[in-house]
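Notes to accompany the following structure.
Below, each value reflects all heavy atoms present in this structure, side chains not excepted, and no hydrogens, waters or symmetry copies. Throughout, residue positions are numbered sequentially from 1 according to the sequence presented.
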Amino acid sequence: MPAPIPADELRAVVDPVRAWLAGEAERPPRAVLGAAVKTSARWLAQQVPGRSVELRVPPFVAVQCIEGPRHTRGTPPNVVETDAATWLRLATGQVTWDEALAEGGVSASGSRADLGAHLPLSPLSPSGRHRGQAPSPS
């Protein structure tokens, strides 16, 4: 099992892509973008561990999260798939889950494939929390 990702590490890898997400800079190098996507998706998986939902952000990462029935073979019944920019906008609170779904930026299939309650990621959101969570002390 990998070591837990500290909140400051998450912020450090996502900060270099914020200007791009806001439309104020060119697309960052693949390694920078990949690090932000991978680390943020893995941070979500460590915060809401489980194997009932698979989050896919091709070509960078796929993680399983959310407690519930465990998926073992074939295509998981609960899949969330999105592109890097949409994922990072969700993770940082620049777009809500419902907005991303309505805009077609997220494909979500299955009864558990709703990450809205877990986004934005608390260390990345402007207020330091996601819906229903107290501010993070770190």
Side-chain angles (χ1 to χ4, degrees):
M1 177 174 231
I5 301 164
D8 59 344
E9 181 181 328
L10 173 62
R11 284 188 290 267
V13 298
V14 172
D15 282 349
V17 303
R18 286 185 182 266
W20 170 66
L21 292 172
E24 300 166 355
E26 296 291 318
R27 182 181 174 105
R30 180 179 171 88
V32 172
L33 184 57
V37 170
K38 289 174 192 174
T39 304
S40 57
R42 290 175 181 155
W43 198 88
L44 172 71
Q46 96 184 1
Q47 299 306 305
V48 284
R51 300 183 65 87
S52 70
V53 176
E54 185 166 289
L55 167 63
R56 299 174 181 170
V57 188
F60 298 107
V61 71
V63 298
Q64 292 185 345
C65 56
I66 315 289
E67 288 186 10
R70 183 174 178 201
H71 162 72
T72 56
R73 294 174 34 154
T75 301
N78 299 288
V79 176
V80 173
E81 188 165 334
T82 188
D83 61 277
T86 302
W87 167 248
L88 291 169
R89 287 184 181 109
L90 283 162
T92 59
Q94 293 180 13
V95 66
T96 67
W97 177 255
D98 290 337
E99 290 167 344
L101 280 172
E103 294 167 1
V106 171
S107 167
S109 62
S111 61
R112 296 178 175 270
D114 182 345
L115 301 179
H118 309 291
L119 297 166
L121 302 181
S122 57
L124 301 178
S125 72
S127 64
R129 61 180 168 251
H130 63 70
R131 250 176 288 155
Q133 179 189 22
S136 173
S138 58

Problem set entry | Minimum heavy-atom distance Q64-A45, with the two atoms named | O-CB, 3.6 Å

For this session: Looking only at non-hydrogen atoms, find the nearest pair between P58 and E81 and report the distance.
Result: CG-OE2, 3.4 Å

Problem set entry | Flag, side chain of E99 to backbone of T96, donor-acceptor distance under 3.5 Å | yes

Problem set entry | Within residues 14-23 or reaching into it, pairs that qualify as side-chain hydrogen bond (donor to acceptor under 3.5 Å, both in side chains) - sequence neighbours excluded | D15-R18

Exercise. Hey, does V106 have a side-chain heavy atom less than 4.5 Å from the side chain of L90?
Worked result: yes

Problem set entry | Test item: R112 side-chain N/O and E67 main-chain N/O as donor-acceptor pair under 3.5 Å | yes

Problem set entry | Minimum-distance pair of heavy atoms, taken over all atoms of P120 and T92 | CB-C, 3.8 Å

For this session: Would you name the heavy atoms of A91 and L119 that are closest together and state the gap between them?
Result: CA-CD2, 4.2 Å

Exercise. Quick one: does L33's side chain get under 4.5 Å of L88's, heavy atoms only?
Worked result: yes

Seminar exercise, completed: D83 and A85 have their tightest heavy-atom pair at OD2-N, 3.1 Å

Exercise. V63 and A41: which non-hydrogen atoms are nearest, and at how many Å?
Worked result: CG2-O, 3.7 Å

Exercise. Is the shortest heavy-atom distance from the side chain of E103 to the side chain of V95 under 4.5 Å?
Worked result: yes

For this session: Kindly indicate, with the supporting measurements, whether the criterion side-chain contact (heavy atoms from CB on, under 4.5 Å) is fulfilled by L115 and L44.
Result: CA-CA 10 Å; L115 301 179; L44 172 71; 4.1 Å; yes

Seminar exercise, completed: Output for pair (L121 CG, R11 CZ), nearest 0.5 Å, gives 11.5 Å

For this session: Determine which pairs satisfy side-chain hydrogen bond (donor to acceptor under 3.5 Å, both in side chains) with at least one residue from residues 21-46, sequence neighbours left out, and list them in order.
Result: S40-W87

Problem set entry | Check against side-chain contact (heavy atoms from CB on, under 4.5 Å), E54 and N78 | CA-CA 6 Å; E54 185 166 289; N78 299 288; over 6 Å; no

